[in-house]
Amino acid sequence: MLTLDTPPLSASADFVPNHRILIVEDEEVIRDMIILALEEEGYEALGVSDGRVALELLQSQESNHGESRFDLVVLDLMLPQINGLDICRLLRYHGNIIPILILSAKASETDRVLGLEVGADDYLTKPFSMRELVARCRALIRRQGFTSLAAATVRKFRDVLLYTQECRVTVRDEEINLSPKEFRLLDLFMSYPRRVWSREQLIEQIWGPDFLGDTKTVDVHIRWLREKLEIDPSQPEYLITVRGFGYRFG
């Protein structure tokens, strides 16, 4: 816990007190270490060990004032009652776009891709350093804030409508389900139609400068977006590859 003579380990211009993070981890030692590291950075942290309890908290996370009770979930995969992957699936199925950082001892590419496919925003393998975990949490919260500050209420391009405040998208008059990263990518593309973005620029805008993964994650998310937007993903009309440069929308 912080005391009057113990300042946060790092302070930044975008530091906002009262950001609340839910830590879902059944190993008590790891859970307590994460809570301590986040509280030293000025975040409010709540830890639970049971997947069912976590899901109930997140599904009823609207406060009496209509504000989200949590800004981020740090989620272990191996949990009692309900595992982390199923929690991700259920949250995204019901339209909950809270950022999710998965923690797992499973380090294979297949496991990481699966975690992202079911709706996680980031994936951190065990063992990890607390410094890296805090950096990733900070980046995810910052990116969430970037999306929420979008000025326009509705963006439109041909048959695609993106409702920024409602976090939903319709294509050819049918609503589609997007993960938070997919939504933010599409929002960025539609804000600057026909502008070409390199992978590095997209990583900077959506994942943030603290992102430590492979830039190929951009290609994976573009493929997922095409499958949801395009009539024929092999011949895209919206998300166009500009060979040698990157991607553009329209």
Side-chain angles (χ1 to χ4, degrees), residues 12-14 71-72 88 92 97-102 109 112-125 132-133 135-152 154-171 176-230 232-250:
S12 60
D14 63 346
D71 301 287
L72 173 68
C88 279
R92 298 317 187 210
I97 64 167
I98 185 170
I100 298 173
L101 168 60
I102 280 181
E109 180 180 11
R112 294 196 304 272
V113 169
L114 178 60
L116 296 172
E117 283 182 338
V118 299
D121 297 272
D122 201 355
Y123 192 106
L124 183 60
T125 57
E132 179 179 357
L133 181 138
R136 288 177 182 248
C137 289
R138 186 185 302 120
L140 287 172
I141 289 175
R142 183 167 60 242
R143 298 276 69 75
Q144 180 78 346
F146 169 79
T147 299
S148 65
L149 291 174
V154 181
R155 306 195 197 285
K156 185 178 187 299
F157 189 92
R158 298 181 189 169
D159 295 328
V160 180
L161 276 77
L162 184 146
Y163 300 84
T164 60
Q165 303 302 314
E166 300 173 38
C167 295
R168 67 185 183 93
V169 175
T170 63
V171 181
I176 61 173
N177 292 321
L178 299 181
S179 72
K181 281 290 188 297
E182 291 167 350
F183 182 87
R184 292 168 200 152
L185 269 173
L186 184 58
D187 189 17
L188 181 65
F189 278 124
M190 293 185 70
S191 299
Y192 302 92
R194 297 188 175 86
R195 170 176 171 172
V196 177
W197 296 86
S198 68
R199 291 181 182 87
E200 291 75 16
Q201 289 172 326
L202 293 172
I203 287 289
E204 173 72 19
Q205 291 290 332
I206 305 302
W207 281 264
D210 297 319
F211 179 72
L212 301 173
D214 194 320
T215 57
K216 289 183 179 178
T217 191
V218 171
D219 302 330
V220 173
H221 282 77
I222 293 293
R223 174 167 58 83
W224 292 340
L225 267 177
R226 281 175 173 162
E227 291 172 352
K228 298 176 181 181
L229 293 177
E230 308 286 358
D232 181 359
S234 65
Q235 297 182 336
E237 299 178 12
Y238 294 111
L239 285 169
I240 309 300
T241 299
V242 182
R243 296 193 180 279
F245 293 95
Y247 298 99
R248 66 176 171 85
F249 188 83

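Along the sequence shown, residues are numbered consecutively beginning with 1.
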Report the distance from atom [atom1] of [X] to atom [atom2] of [Y], rounding to the nearest 0.5 Å.
X	Y	atom1	atom2	value
Glu117	Cys88	CD	SG	12.0 Å
His221	Arg226	NE2	CZ	14.5 Å
Leu133	Arg138	CG	CZ	10.5 Å
Ser191	Leu162	OG	CG	8.0 Å

Closest heavy-atom pair and its distance - [X], [Y]:
X	Y	result
Leu239	Ile222	CD1-O, 4.1 Å
Val171	Lys228	CG2-O, 4.5 Å
Gly246	Val196	N-CG1, 4.2 Å
Arg158	Arg194	NH2-NH2, 4.4 Å
Leu202	Leu185	CD2-CD2, 4.0 Å
Leu178	Val169	CD1-CG2, 3.6 Å

With a 4.5 Å limit on heavy-atom distance, are the side chains of [X] and [Y] in contact?
X	Y	value
Val218	Trp207	yes
Thr170	Val160	no
Glu200	Glu204	no
Lys181	Ile206	yes

Check whether the ring centres of Phe245 and Trp197 lie less than 6.0 Å apart, and answer yes or no.
->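 No: the rings miss the under 6.0 Å criterion.
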Are Asp121 and Arg184 close enough, and set up right, to give a salt bridge (Lys or Arg N to Asp or Glu O under 4.0 Å), and what steps lead you there?
-> CA-CA 11 Å; Asp121 297 272; Arg184 292 168 200 152; 3.7 Å; yes
Describe, in one word, how the ring planes of Phe249 and Phe189 are oriented to each other, choosing from parallel (under 30°), tilted (30 to 60°) and perpendicular (over 60°).
->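 Parallel: the ring planes of Phe249 and Phe189 meet at under 30°.
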Check against side chain to side chain donor-acceptor pair (under 3.5 Å), Arg92 and Ser179 | CA-CA 7 Å; Arg92 298 317 187 210; Ser179 72; over 6 Å; no
Is a donor on one side and an acceptor on the other found under 3.5 Å between the side chain of Glu230 and the backbone of Tyr238?
->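 Looks like yes, one N/O pair under 3.5 Å.
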Taking Gln201 for its side chain and Ser198 for its backbone only, find out whether a donor-acceptor pair lies under 3.5 Å.
->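 Yes; judged by distance alone, with no hydrogens or angles, the pair exists.
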Could you note down all residue pairs passing salt bridge (charged side-chain N to carboxylate O under 4.0 Å, His left out) where residues 159-171 supplies at least one of them, sequence neighbours left out?
->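 Found Glu166-Arg168, Arg168-Glu175.
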If you draw a 6.0 Å radius around CD in Glu227, do more than 12 non-hydrogen atoms from other residues or ligands fall strictly inside?
->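 Result for CD/Glu227: enclosed.
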For the pair Thr164 and Val154, evaluate side-chain contact (heavy atoms from CB on, under 4.5 Å) and give the outcome as yes or no after the intermediate values.
-> CA-CA 6 Å; Thr164 60; Val154 181; over 6 Å; no
